[in-house]
Amino acid sequence: MNVTPRQLRIFLALAESLNFSRTAEQFFVTQPSLSKAVKDLEDELNVVLFERTTRSVRLTPAGERMTSLARRVVGEFDSGLQHMQSLVEKEAHHIPIAAIPSMAHALLPQVCAKLEAQVAGTRFTIYDGTNASTIQRLLNYQVDFALASAAPSHPELEYEEIMRDRFALLAPAAWTQQVRPVMQMEELLELPLISGTDASTAKEYVSAAFLQRGIVFRPKLSFDQVTTAAGFVRQGVGIAIQPYLGVLPLLDLKGMRLCRIEDGPIRSVGIVKRKGSSLPPISEQAQDAVRAAAGHLLRKYPAWILPATA
């Protein structure tokens with residue numbers, strides 16, 4: 001059955017007025033167009049709804065029964081539209097973001113707090129995971145944009161570098177002889193290094209830096225989570241080599257200290273989007289807030305965090 005809400009509204013208005021001319025004016029159509037709409041409805045329902053004479057219009061018994069049903073259908077339709085509009089408005093204030101953990105920790109709390117203050121009812125879904133899973137969520141249209149490390153080699157994506165961070169050594173506080181405040185890459189070869197797993201872009205950076213020197217990087221231990229590595233560092237099992245943003249959440253922990261790698265790798269981090277995508281205004285605001293938060297980190301930690309390359 002192909003009956004539209006507009007046809008039912010016309011039927012209900014005519015059932016109330018019993019006047020074709022007045023109803024036609026109400027719907028901004030000609031009287032012949034209104035008559036055709038009613039006839040089409042009757043043909044679709046296979047029932048006569050109105051008795052027409054040259055002097056009057058009145059509902060048939062079937063038309064009388066039809067009015068209560070039509071009111072219910074139109075009412076449920078309007079209620080459904082209102083519910084849909086409410087969901088759309090709620091979705092317009094929802095921001096799904098994928099981010100590698102270091103970026104999620106360093107940037108997104110500020111971003112969320114800023115947007116909540118600016119736009120009432122803002123909601124966030126944050127997916128923090130590996131660089132590969134972060135990019136995949138973007139490709140799967142699960143998020144509006146992603147915060148990732150290094151430009152992904154994918155034709156559908158574009159990368160905007162927002163800052164770079166140096167690599168650091170997170171060492172046991174007592175290891176003052178083995179680890180000086182500033183170290184060289186070659187000096188790290190004799191240390192029990194702890195790195196991320198092969199899924200980590202941080203390990204890729206470190207491996208590439210050693211490979212440039214003709215050395216294959218073989219860490220003592222590898223972990224997905226830097227917080228797990230920190231537990232081993234505190235016990236004196238090894239030394240974590242990570243980007244500065246990765247170890248930033250751990251700097252207040254007792255029993256550890258941070259050392260700089262003078263000639264170590266520098267990691268690029270930035271915003272990844274789908275090329276040519278049109279994002280909701282709230283997501284554009286979120287990206288502006290990410291850039292502002294990155295600028296704050298640049299000013300706060302100039303020795304560790306560097307501006308984006310031109």
So does [Y] get a backbone contact from the side chain of [X], meaning a donor-acceptor N/O pair under 3.5 Å?
| X | Y | result |
| --- | --- | --- |
| S17 | A13 | yes |
| E262 | Q184 | no |
| E187 | Q178 | no |
| N131 | S149 | yes |
| S133 | T130 | yes |
| S268 | R164 | no |
| R274 | E158 | no |
| K273 | E160 | no |
| Y301 | D165 | no |

Of all the heavy-atom pairs spanning [X] and [Y], show the shortest one and how long it is.
| X | Y | value |
| --- | --- | --- |
| A146 | T134 | CB-CG2, 3.5 Å |
| I135 | A148 | CD1-CB, 3.9 Å |
| A168 | L258 | CB-CD1, 3.6 Å |
| L297 | M163 | CD1-CE, 3.9 Å |
| S195 | Q242 | C-NE2, 4.1 Å |
| K203 | G196 | CD-O, 3.1 Å |

Which distance, rounded to the nearest 0.5 Å, do you find between the [atom1] of [X] and the [atom2] of [Y]?
| X | Y | atom1 | atom2 | result |
| --- | --- | --- | --- | --- |
| Q26 | S21 | CD | OG | 11.5 Å |
| R267 | L306 | CZ | CG | 12.0 Å |
| R71 | M66 | CZ | CE | 11.0 Å |
| T60 | E64 | OG1 | CD | 8.0 Å |
| T4 | L8 | OG1 | CG | 6.5 Å |
| F11 | E16 | CZ | CD | 11.5 Å |

- Task: Scan residues 218-241 for pairs that pass ring-ring contact (aromatic ring centres under 6.0 Å, His included), counting only residues two or more places apart or in two chains.
- Result: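 Only F223-F232 qualify under ring-ring contact (aromatic ring centres under 6.0 Å, His included).
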
Can you check whether [X] reaches [Y] side chain to side chain, under 4.5 Å on heavy atoms?
| X | Y | result |
| --- | --- | --- |
| P61 | R65 | yes |
| V143 | F145 | no |
| R257 | L170 | no |
| V74 | P5 | no |

- Item | Residue pair T197, D224: steps toward the side-chain hydrogen bond (donor to acceptor under 3.5 Å, both in side chains) verdict | CA-CA 6 Å; T197 62; D224 280 324; 2.7 Å; yes

Tell me if the [atom1] atom of [X] is crowded by more than 12 foreign heavy atoms within 6.0 Å.
| X | atom1 | answer |
| --- | --- | --- |
| K220 | NZ | yes |
| N46 | CG | no |
| R218 | CZ | no |
| K275 | NZ | yes |
| R58 | CZ | no |

- Task: Tell me, with the steps shown, if D263 and R213 meet salt bridge (charged side-chain N to carboxylate O under 4.0 Å, His left out).
- Result: CA-CA 12 Å; D263 56 346; R213 294 163 173 81; 3.2 Å; yes

If Ile, Leu, Val, Met, Phe, Trp and Tyr residues are connected whenever their side-chain heavy atoms lie under 4.5 Å apart, and connections chain through other members, are [X] and [Y] in the same group?
| X | Y | result |
| --- | --- | --- |
| V119 | L108 | yes |
| I282 | I97 | yes |
| I100 | L250 | yes |
| M103 | Y159 | no |
| L14 | F28 | no |

- Checking side-chain contact (heavy atoms from CB on, under 4.5 Å) for the pair W304/R260: CA distance, chi angles, key distance, verdict? CA-CA 9 Å; W304 293 100; R260 186 159 62 90; 3.5 Å; yes

- Message: Run Q7 and I10 through side-chain contact (heavy atoms from CB on, under 4.5 Å) and show every step you take.
- Response: CA-CA 5 Å; Q7 285 177 305; I10 288 174; 5.7 Å; no

- Item | Test side-chain contact (heavy atoms from CB on, under 4.5 Å) applied to L279 and Q287, step by step | CA-CA 10 Å; L279 298 180; Q287 290 178 57; 3.0 Å; yes

- Message: Test side-chain contact (heavy atoms from CB on, under 4.5 Å) on I194 and V233; report intermediate values, then the result.
- Response: CA-CA 8 Å; I194 302 173; V233 171; 4.2 Å; yes

- Under a single-linkage rule joining Ile, Leu, Val, Met, Phe, Trp and Tyr whose side-chain heavy atoms are separated by less than 4.5 Å, which residues share a cluster with I241? F167, L169, W175, V179, M183, M185, L188, L189, L191, L193, Y205, V206, F210, I215, F217, I239, I261

- Task: For the pair R291 and E161, evaluate salt bridge (charged side-chain N to carboxylate O under 4.0 Å, His left out) and give the outcome as yes or no after the intermediate values.
- Result: CA-CA 10 Å; R291 297 181 187 100; E161 185 179 77; over 6 Å; no

- Message: Can you confirm whether the side chains of E116 and T122 place a donor and an acceptor under 3.5 Å from each other?
- Response: no

